[in-house]
Amino acid sequence: MGKSVRELEVEDLVNAGLTVAEANEVHRVLRDILSQCLSPTDPSFIWRRLLAHKLLKPSFPHSFHHLLYHSVYHSAFHSQHASLPLYWFPSLYVFLCLSLLTTAILTHLLSLSICQSPLTSPFHFREHSKRTNLGRFMETHAPQLLGLSYKDPITSFPLFQKFSLYWSLVLKELSVTFVEPPKCILDTSDPSRHGGTWLPGSVLNIADCCVQPSSHPYKPDDSLAIVWRDEGFDDSEVNRITLKQLRQQVMLVAKAIDATFSKGDAIAIDMQMTANAVIIYLAIVLAGCAVVSIADSFAPKEIASRLRVSKAKGIFTQGGRGRVSIEEGVKSVKGRRVQWKDQRWQEIPFIQAVLIRVIEAAACKVIVLPVLGDDVGVQLREQDLSWKGFISSANQTQNSRSDYYSPSYQSVDSVTNILFSSGTTGDPKAIPWTQLAPIRSAADGWAAIDVQPGDVYCWPTNLGWVMGPTILYQCFLIGATLALYHGSPQGRNFGKFVRDASVTILGTVPSLVKTWKNTQCMEGLDWTKIKTFCSTGETSNVDDDLWLSSKAYYSPIVELCGGTELASSYIAGSPLQPQAFGAFSTASMTTGFVIFDENGVPYPDDVACVGEVGLFPLSLGASDRILNADHEKVYFKGMPIYKGKVLRRHGDIIKRTVDGYIVVQGRADDTMNLGGIKGMKRLKDKSAGYTYVVRILYLSMCPTSSVEIERVCDGADECILETAAVGVATTDTGPEQLVIFVVLKKGYNSSAETLKLKFTKAIQSNLNPLFKVSMVKIVPDFPRTSSNKILRRVLRDLMKHELSVQSRL
């Protein structure tokens, strides 16, 4: 059961990894904090005091952080219907809590060392919340918009989140300049367009908006646009490029694109997200063409299919055995090795392998950036171009002697990027991004993540995944610096780059955080300049997030959940709301959703429930077409009608907690019919005997997601690195068999039969006493998408095939 915080002794702290001296000091301060707490005590109040005192040092072992967190929230972890444990609080929230105390207690708290710093005074609490983008914005506009109902940024945030005039005002906060302004913000006169028509009549070039200086947001020519470091040069200075230098290089490449392609052409990029790749991306859009985003991990077949669907006229990639900048400067670096099923590529440096795959896949023109000198390492075909030959074409344009390139201005609904869904539920969908999508992405970064001019923003990703273009636009339309590590983010050298580049915002995916935590590769690195972490791509693990947040004195981890087709998140964390690990606190600005039951009936907004989510259709930047599928069928056909509008399908199963937080339970297509019946039932009777019977009925009828089961199984034994749960049907009807795939930690061993017993016990104790594990498969790793999501579909098909073979035998 573990101890509550009041039961902790010095010995417990020593056992958690502190020295005796550290344990005695922590225990003394902890006793002082507890002695001031009212009874009964709100555990979040104790946690806030621990944070304010900076008692939870990043240098302390994770076992200590784990102990304190679980002991403070002991009651929450041992109560079925408790509120989620909160770990981060907007500063005004703390002020309001303190203001509820008696004057005598408040005076005494302020006399303690935990409240002596001006950074933790009540006045600072109030002012700090108003220095966030949204806080400042609300202080300026909300009194006029909300009238007397406006109190302060935190109290009034739920009202402002839904306000319809938001977009007309927030556009002025971004570096977005229209050549022709929009006639209105939203036109809903066409009933065939579920999402309406946004910013009709407007004309701009969104890449030009990225590279031009602005006074608001403050983005001068000498501001840092990109900082980066090459893997293999991890003790070297961080490379830097200013906004003016970025603009010059983007315009140079745009001239060459103009000379080589035609306006409107689709041009692919298949390379790591380097500074060069970012320059090429912006240049393609500046020239009035559309980027085709392809992840550099794809096999030739996958590359070819994306080129075919997008009708790409060319593709940029990289080859050779080093790296070279757009203009000049040569550096050599050892190539990373790839583990590829085709033995031809196992000993080929990573970048060279990408080039070989592209050449094999592409019938169109391939433009190859060398990594060392001019040698690309392979024989180019007649239609292909070396980078040197490509850039030389810029000198043949009419304005070859001028650094300036006149952007191609187009309507706001023109396509600038073709991205592909991750393919977790089948064939990837080709989703066009118009110029609305970058605006939406940047606005979400401004509001939810609080990206500000001067921030250094790093998110290890790829232009083939939605987060690549997203972070690009969030930086350049707000005035932040984009931080890129040209190499693997899985080891300590990436962490050194985060430190050396003074990163203030770090984005992650949960599996990457798990790797950092389990390998302990980031120990001893100072990450305390990070003000915000972000996480997306898959469901977060609470203990992994506890580890991550503790590395920066419990900076918030802003959870984001959305999709390529939304150009944004539909639920997120907020700098104006308390946060819980692995949970979302709000719908994204101006958006909304409902949770509906198996009959398509929405639950009331204030009811704790589990069900499929339906999105409000009016969302700026959301897709209105798919290149290789029926958009209406994919996102709207068969969806419930809510308040006169057809809801937009997203496919997530989400849970709303008793305190209003949202936890993603998995995909609707990842739910499993383990109890024989799919459905949901809300508990209505609270009497002891009836509650137990209904609880069993509820659990056996509730659609159970892979994520729920994996959360339980991940903690069933210390040997487990991660698990993947799939349901496999053995007949046309009836319940599915639950199969758990397992990756073990390095150096650990266990048997499938042992783990099967442990998993069954854990699932029956924590989820449903009627569930049992049918089979456990121990594997070296999981198949994943380019965005690192587990391909459960592949695992499910693998098991179906294996069971089919066994059945025939």
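These numbers were taken from a predicted model, which means no experiment stands behind them. As a basis for the values below, the full set of heavy atoms in this structure was taken, side chains included, without hydrogen atoms, waters or symmetry mates.
Aromatic pair H74/H70: centroids not less than 6.0 angstrom apart. Note: F233 and H486 fail the aromatic proximity criterion, with ring centroids not under 6.0 Å apart. Residues W47 and Y69 bring their aromatic ring centres within 6.0 Å. Outside the 6.0 Å centre-distance limit, the rings of Y73 and Y87 are not counted as a close aromatic pair.
Under the salt bridge (Lys or Arg N to Asp or Glu O under 4.0 Å) criterion, K301 pairs with no residue at all, not counting sequence neighbours. Remark: K800 engages no residue in a side-chain hydrogen bond (donor to acceptor under 3.5 Å, both in side chains) (not counting sequence neighbours). Partners of D717 under the side-chain hydrogen bond (donor to acceptor under 3.5 Å, both in side chains) rule, at least two apart in sequence or in another chain, are K758. Under the side-chain hydrogen bond (donor to acceptor under 3.5 Å, both in side chains) criterion, Q520 pairs with no residue, sequence neighbours left out. Residues that satisfy the side-chain hydrogen bond (donor to acceptor under 3.5 Å, both in side chains) test with K496, not counting sequence neighbours, are D235.
Side chain of D455 to main chain of Q452: a donor-acceptor pair is present (N/O by atom type, distance under 3.5 Å, no hydrogens or angles). Judged by distance alone, with hydrogens and angles left aside, the side-chain atoms of T515 form no donor-acceptor pair with the main-chain N or O of V513 at under 3.5 Å. Remark: the backbone N or O of S555 is paired with a side-chain donor or acceptor of S549 at under 3.5 angstrom. A distance-only check finds no donor-acceptor pair linking the side chain of W88 to the backbone of P575 [under 3.5 Å]. In terms of modelled atom types and a separation under 3.5 Å, the side chain of D526 and the main chain of T528 share a donor-acceptor contact. T657 places a side-chain N or O within 3.5 Å of a backbone atom of Y661 that can act as its donor or acceptor partner. Under a 3.5 Å cut-off, the side chain of K531 and the backbone N or O of D450 do form a donor-acceptor pair. For T760 (side chain) and L757 (main-chain N/O), no donor-acceptor pair under 3.5 Å exists by modelled atom type. Between the side chain of T470 and the main chain of V466, a donor-acceptor pair closer than 3.5 Å is present. For T508 (side chain) and C534 (main-chain N/O), a donor-acceptor pair under 3.5 Å exists by modelled atom type.
Between I471 and C458, the closest heavy-atom pair is CD1-C, 4.0 Å. Summarising the geometry of D296 relative to D270, their closest heavy-atom pair is CA-OD1, 3.0 Å, with the distance given to 0.1 Å. Closest of all the heavy-atom pairs between E722 and F782 is CG-CE1, 3.5 Å. In terms of heavy-atom proximity, A442 sits nearest to Y473 at CB-O, 3.9 Å. Scanning both residues, P300 and A361, for their nearest heavy atoms gives O-CB, 3.2 Å. Summarising the geometry of Q272 relative to A277, their closest heavy-atom pair is O-CB, 3.3 Å, with the distance given to 0.1 Å.
Among V278, I241, L224, the single residue meeting the side chain to side chain contact (heavy atoms under 4.5 Å, CB included) criterion with L482 is V278.
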Derivation of the side-chain contact (heavy atoms from CB on, under 4.5 Å) call for L744 and I778: CA-CA 7 Å; L744 299 178; I778 298 175; 4.0 Å; yes
K777/V742 under side-chain contact (heavy atoms from CB on, under 4.5 Å): CA gap, chis, key distance, verdict: CA-CA 6 Å; K777 297 286 290 185; V742 183; over 6 Å; no
Intermediate values then yes/no, salt bridge (Lys or Arg N to Asp or Glu O under 4.0 Å), K517 and D543: CA-CA 10 Å; K517 171 174 163 281; D543 195 57; 3.4 Å; yes
Verdict with reasoning, F420 to V292, per side-chain contact (heavy atoms from CB on, under 4.5 Å): CA-CA 9 Å; F420 294 82; V292 180; 4.0 Å; yes
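Side-chain contact, N276 with T274: no donor N or O sits under 3.5 Å from an acceptor N or O. One side chain, N417 or Y281, offers a donor N or O that lies under 3.5 Å from an acceptor on the other. A donor-acceptor pair shorter than 3.5 Å cannot be found between the side chains of Q474 and S441. Residues E538 and S511 bring a donor and an acceptor atom of their side chains to less than 3.5 Å of each other.
The pair D234-R229 does not meet the salt-bridge criterion, since no charged nitrogen lies less than 4.0 angstrom from a carboxylate oxygen. With respect to E565 and K429, no salt bridge is recorded, no charged nitrogen being found less than 4.0 Å from a carboxylate O. For the pair D544 and K514, the salt-bridge criterion is met [side-chain N within less than 4.0 Å of a carboxylate O].
Ring geometry for F494 against F497 counts as tilted: the plane angle lies between 30° and 60°, on a 0 to 90° scale. The aromatic rings of W527 and F533 sit tilted relative to each other, their planes meeting at an angle between 30° and 60°.
Between atom OG1 of residue T317 and atom CE of residue M271 there is a gap of 7.0 Å, rounded to the nearest 0.5 Å. Expressed to the nearest 0.5 Å, how far CG of N493 lies from OH of Y485 amounts to 4.5 Å. Separation of atoms CZ (F581) and CG (L86) is listed at 10.5 Å; rounding is to 0.5 Å. Here OG1 of T532 is found 10.5 Å from CG of L506. Values are rounded to the nearest 0.5 Å. Of the inter-residue distances, the one linking R499 atom CZ with L525 atom CG reads 5.5 Å to the nearest 0.5 angstrom. Expressed to the nearest 0.5 Å, how far CD of Q577 lies from OG of S585 amounts to 4.0 Å.
A heavy-atom distance below 4.5 Å is not found between the side chains of I571 and T586. Residues I449 and D444 fail the side-chain proximity criterion, which asks for heavy atoms closer than 4.5 Å. Residues I530 and T504 are not in side-chain contact: their nearest non-hydrogen atoms beyond the backbone lie 4.5 Å or more apart. The closest side-chain heavy-atom distance from Y457 to T481 is not below 4.5 Å. Under the 4.5 Å side-chain criterion, counting only non-hydrogen atoms from C-beta, L755 is in contact with C719. Counting heavy atoms from C-beta outward, W446 and V451 have side chains that stay 4.5 Å or more apart. At a threshold of 4.5 Å between non-hydrogen side-chain atoms, the residues P780 and V743 do not count as touching. For the pair P510/S540, a side-chain contact is recorded, criterion being any heavy-atom separation below 4.5 Å from C-beta on.
Within the structure, salt bridge (Lys or Arg N to Asp or Glu O under 4.0 Å) pairs that include any residue of residues 547-562 comprise E523-K551 (at least two apart or interchain).
Cation-pi check for K57 over Y553 is not met; the charged atom does not lie both under 6.0 angstrom from the ring centroid and within 45 degrees of its normal. R357 forms no cation-pi arrangement with F298, by the criterion of a distance under 6.0 Å to the ring centre and an angle within 45° of the ring axis.
Within a 6.0 Å radius of NZ in K745, other residues, nucleotides and ligands contribute more than 12 heavy atoms.
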